[in-house]
Number of protein chains: 2
Amino acid sequence: MGKSERTRERLAETALELFERQGFEQTTVGQIAAAAGVTEMTFFRHFPAKHQVLFEDPYDALIADAVAAQPGGSAPLRRAAGGLRQAWSRVPEPDGDVVRRRVRIVAGTPSLRGEMWRNNSETERLVAEQLVRDGARPLPAKAAAAAVLAAVTAALLEWSVGEDAPLGDAVLTALETVEGGGNE
Amino acid sequence: MGKSERTRERLAETALELFERQGFEQTTVGQIAAAAGVTEMTFFRHFPAKHQVLFEDPYDALIADAVAAQPGGSAPLRRAAGGLRQAWSRVPEPDGDVVRRRVRIVAGTPSLRGEMWRNNSETERLVAEQLVRDGARPLPAKAAAAAVLAAVTAALLEWSVGEDAPLGDAVLTALETVEGGGNE
DNA sequence: CCGAAAATGTTAGTGTCTAACATAAGGTCT
DNA sequence: AGACCTTATGTTAGACACTAACATTTTCGG
């Protein structure tokens with residue numbers, strides 16, 4: 001394990017603690033760096049922006065693949081939802097509660113919610129692309145991708161502030177809401 | 001018409017032109033202010049942030065009301081979609097092409113897409129609240145609200161970059177995609 | 001025309017983030 | 001172990017978005 005990874009780890013953990021204690025906006029990058037024993041510049045060498053300490057998800061490719069693996073012929077929304085469901089079943093329940101702590105910060109900070117969405121938009125693009133490749137028109141493809149990802153994101157945010165219901169349940173409920181939404 | 005409104009108008013128009021010509025990120029607030037014949041400070045007196053020159057929508061309340069007016073008893077997603085459809089029918093087709101020009105900028109600037117989402121989150125909250133008031137559980141309510149608004153937003157973005165199909169068509173297509181998504 | 005209120009200007013500062021260059025720390029090979 | 005190269009970190013300087021406090025001008029009703 002290189003020195004770089006250790007520093008990165010230390011910065012991420014230190015930042016999370018400070019955010020929890022005094023809020024995201026009230027915490028300066030200088031404080032994080034000092035508390036981790038490095039300089040401000042070093043922080044930006046490891047994370048391109050302050051908020052990026054909270055966003056490290058390699059799920060994008062996984063989701064796009066799962067969408068591609070969905071059976072063709074059904075409606076875009078159904079394919080997208082099915083893909084998300086399958087991708088979800090392959091990912092282990094989040095490791096520790098680090099994910100929850102991070103999302104909790106995001107949920108409580110408006111500017112970070114915006115960042116989360118921006119983060120999602122790459123995934124959204126990949127999913128929509130897959131749907132188009134499978135015969136959907138561009139607009140329905142994008143609408144379906146956006147809707148499904150928004151629902152899952154909503155589930156994630158809701159889960160983070162709740163007590164300790166499993167994340168899997170929240171995600172499934174959200175998917176059922178969009179997918180089976182037409183009939184009661 | 002007070003002087004304040006005239007200055008605000010001038011700033012918004014000047015900003016839009018500069019954004020179109022050289023991009024949002026490449027345009028500084030100082031440039032906008034100078035081109036409009038005022039100071040940087042004056043800009044921030046009229047708009048709390050640089051990106052806010054592009055976001056002036058008073059639709060929130062309208063949408064929430066329309067959702068509230070939906071017939072009870074059906075699924076959250078259907079109520080939300082119906083509300084959006086109804087709200088849409090009450091709003092006149094966008095005035096000039098100023099809306100399109102603005103959204104086009106947003107569509108082409110990742111950080112602004114994030115801001116757009118953050119802007120939507122208030123509307124999302126109101127819609128979800130209405131759904132809960134009408135008997136839905138919190139999570140399905142939030143998922144439905146997020147999904148429907150995300151779909152409409154996707155339609156808006158797609159419309160802005162397209163040639164000149166009517167915005168109404170795009171919105172209806174997006175709503176049909178989420179609402180009738182279960183069956184093909 | 002006068003005076004209060006609103007609009008704008010000035011100055012100074014904080015915080016995020018970038019770029020260029022300088023130093024230190026790590027490991028490799030002989 | 002010691003020279004050597006790579007990688008991690010430090011330093012300095014600066015652009016830009018935004019805020020706060022105070023000064024100045026402009027507008028407008030009486």
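Throughout, protein chains are lettered first and strands after them, A, B, ... in sequence-line order, and every chain is numbered starting at 1. Computation of the quantities below employed the complete heavy-atom set of this structure, encompassing side-chain atoms and omitting hydrogens, waters and symmetry-equivalent molecules. Quick caveat, the model's predicted, so the values are computed rather than measured.
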Query - Nearest-nucleotide 5' precedence on DNA chain C, A:A49 against B:T7 - result: B:T7
**Report entry** d(CG, B:L11; P, C:dT8) in whole Å
**Finding:** 8 Å
Report summary line: Which of C:dT16, C:dT8, C:dT10 is nearest the side chain of A:T28? It is C:dT16
Query raised in the report: Which nucleotide, C:dA25, D:dA17, D:dT26, lies nearest any side-chain atom of A:K3?
Result: C:dA25
**Report entry** A:E40 side-chain proximity, nearest of D:dT12, D:dC18, C:dC17
**Finding:** C:dC17
Query raised in the report: DNA chain D: B:K50 or B:R6, which has the more 5' nearest nucleotide?
Result: B:K50
Report task. Measure the distance from CD on A:Q52 to C1' on C:dT18 and round it to the nearest whole Å. Result -> 16 Å
Query - Rounded distance (Å) that lies between atom P of C:dG9 and atom CZ of B:F43 - result: 14 Å
Query raised in the report: Roughly how many Å is it from CD in A:E9 to P in D:dA8, rounded to a whole number?
Result: 16 Å
Report task. Spell out, as yes or no, whether a donor-acceptor pair under 3.5 Å connects the side chain of A:R79 to the backbone of A:Q70. Result -> no
Query raised in the report: B:L112 CG to D:dA17 C1': how many Å, rounded?
Result: 14 Å
Query raised in the report: Which heavy-atom pair separates A:A66 from A:G83 by the least distance, and what is that distance?
Result: CB-O, 3.3 Å
Query - Spacing between B:F44 atom CZ and C:dT11 atom P, to the nearest angstrom - result: 18 Å
Query - Toward the 5' end of DNA chain D, by each residue's nearest nucleotide, A:R45 or B:Q31 - result: A:R45
Query raised in the report: Does C:dG9 have OP1 or OP2 sitting under 4.0 Å from an N or O in the side chain of B:T42?
Result: yes
Query raised in the report: Which atoms form the tightest heavy-atom contact between A:A146 and A:W117, and what is the distance?
Result: O-CH2, 4.2 Å
**Report entry** Atom-pair distance (CD on B:E25; C1' on D:dA17), nearest Å
**Finding:** 12 Å
Report task. Among C:dA7, D:dT19, D:dA8, find the nucleotide with the atom closest to the side chain of B:M41. Result -> D:dT19
Query raised in the report: Which whole-number value in Å describes the distance from B:H51 NE2 to D:dC16 P?
Result: 18 Å
Query - Enclosure of A:E56 CD (heavy-atom neighbours >12, cutoff 6.0 Å) - result: yes
Query raised in the report: Has A:T39 got a side-chain N or O lying under 4.0 Å from the OP1 or OP2 atom of D:dT9?
Result: no
Query raised in the report: What does A:H46 touch in the nucleic acid at a heavy-atom separation under 4.0 angstrom: a base, only the sugar-phosphate, or nothing?
Result: sugar-phosphate
Query raised in the report: Please walk me through it: do A:H51 and A:M116 pass side chain to side chain contact (heavy atoms under 4.5 Å, CB included)?
Result: CA-CA 10 Å; A:H51 60 83; A:M116 190 177 203; over 6 Å; no
